[in-house]
Amino acid sequence: ALKPLKGDLHSHSCRSDATRDPAAQFGHYREHGFDFAALTDYNRYYPGEEIDDAYRGVQLGLTRVKGEEIHGPGSVVHIVHAGGKSSVAEIYWKDKERYDREVEECFKRVPAEVPEEYRDRYARALWVTDSIHAAGGVAILAHPHEQTQYLTELARVGLGGVEVDHPDLTPEDSAQA
């Protein structure tokens, strides 16, 4: 029989907008019986390494999924990068010109039926999902309450999931997601 797993693929530490340091965040997950979790600080892949360092040699009984929450320059769409082998945010932190050039290429792939007011969001989200996939990760739309009006269009960019349990989501938002 299959056993349900308890996990969280979208969490933050004090390296973005939460209060616990990365190691304490994972201690919290362990205390609450989680099987897996991802630390997805804003545009920061590296804080997860603090967890690895803090618990080196310790059997946590908890799998750490590498990740980050991507807010690309000029984008209002937040996408969680879970499971990839390298940072996506570092691409635009280290080489903004490359980011701008690649986003411009993504504009050429925006389907004609995407409404004009969503084309920029779509192209930037497409860049993020392409980059997450190139890093070997899964792209998950974070807190879609901010994007429900164009969720259908965003679903086409290669999302592997949509967050449906978030404190800011209304029951209607969760149902729509």
Side-chain angles (χ1 to χ4, degrees), residues 1-72 75 77-94 99 124-147 151 154-171 173-177:
L2 295 176
K3 174 192 169 217
L5 298 175
K6 183 177 181 180
D8 188 350
L9 292 174
H10 182 196
S11 71
H12 301 292
S13 75
C14 63
R15 305 295 178 256
S16 53
D17 67 350
T19 57
R20 293 185 183 99
D21 69 51
Q25 181 72 10
F26 263 63
H28 169 80
Y29 283 130
R30 182 177 183 198
E31 289 171 0
H32 288 87
F34 279 67
D35 298 296
F36 66 92
L39 181 63
T40 55
D41 282 327
Y42 301 133
N43 299 311
R44 289 175 177 84
Y45 185 82
Y46 67 86
E49 294 170 2
E50 294 178 42
I51 297 163
D52 297 341
D53 291 343
Y55 292 108
R56 192 166 319 285
V58 176
Q59 292 294 330
L60 269 179
L62 168 67
T63 299
R64 180 175 85 80
V65 178
K66 295 180 179 185
E68 62 194 336
E69 183 175 333
I70 304 298
H71 308 172
S75 180
V77 180
H78 298 185
I79 298 177
V80 169
H81 166 204
K85 298 190 181 349
S86 60
S87 175
V88 169
E90 282 185 20
I91 296 169
Y92 51 78
W93 285 113
K94 292 181 177 178
Y99 169 78
R124 292 176 191 282
L126 184 58
W127 179 88
V128 171
T129 57
D130 285 353
S131 299
I132 290 171
H133 296 155
V138 175
I140 302 165
L141 182 63
H143 31 75
H145 64 284
E146 298 171 358
Q147 285 97 221
L151 192 55
L154 284 174
R156 297 182 194 145
V157 300
L159 296 172
V162 176
E163 183 176 34
V164 295
D165 185 11
H166 186 277
D168 294 338
L169 288 175
T170 66
D173 288 338
S174 290
Q176 184 173 0

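- At distances below 3.5 Å, at least one donor-acceptor pair connects side-chain atoms of Asp41 with backbone N or O atoms of Ser13.
- When every heavy atom of Glu163 is checked against every heavy atom of Ile140, the shortest pair comes out as N-CG2, 4.0 Å.
- In terms of modelled atom types and a separation under 3.5 Å, the side chain of Thr129 and the main chain of Ala125 share a donor-acceptor contact.
- Here the shortest heavy-atom pairing between Gly83 and Val65 reads N-CG1, 3.5 Å.
- In this structure, OH on Tyr99 lies 6.0 Å from OG on Ser75, to the nearest 0.5 angstrom.
- Under the 3.5 Å distance criterion, the side-chain polar atoms of Lys6 are matched with a main-chain donor or acceptor of His32.
- Residues in residues 11-22 take part in these salt bridge (Lys or Arg N to Asp or Glu O under 4.0 Å) pairs, two or more places apart or across chains: Arg15-Glu50.
- Between His78 and His71, the ring planes are parallel. Angles under 30° get that label, and only those over 60° would be called perpendicular.
- You'll find the side chain of Arg124 stays beyond 4.5 Å of the side chain of Val77, heavy atoms only.
- Inter-residue side-chain proximity for Glu69 and His10 is flagged as met; some heavy-atom pair is nearer than 4.5 Å.
- Rounded to the nearest 0.5 angstrom, Leu39 CG and His12 NE2 are separated by 8.5 Å.
- A distance of 8.0 Å separates CG of Asp8 from CZ of Phe36, quoted to the nearest 0.5 Å.
- The shortest heavy-atom contact between Gln25 and Ser11 is NE2-CB, 3.9 Å.
- The two atoms that bring Ala54 and Ala23 nearest to each other are CB-CB, 3.6 Å, heavy atoms only.
- With contacts defined as side-chain heavy-atom distances shorter than 4.5 Å, the pair Tyr46/Glu90 does not qualify.
- The aromatic rings of Phe26 and Tyr29 stand perpendicular to each other, their planes meeting at an angle above 60°, with 30° marking the opposite boundary.
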Criterion side-chain hydrogen bond (donor to acceptor under 3.5 Å, both in side chains) on Glu68 and His81, from CA distance to verdict: CA-CA 5 Å; Glu68 62 194 336; His81 166 204; 2.9 Å; yes
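- Remark: Leu141 CG to Ile79 CD1 distance equals 6.5 Å, nearest 0.5 Å.
- The side-chain heavy atoms of Val88 and Tyr45, taken from C-beta on, include no pair separated by under 4.5 Å.
- A 4.5 Å side-chain heavy-atom check between Arg44 and Trp93 finds every atom pair outside the cut-off.
- Atom CH2 of residue Trp127 and atom CD1 of residue Ile70 lie 7.0 Å apart, to the nearest 0.5 angstrom.
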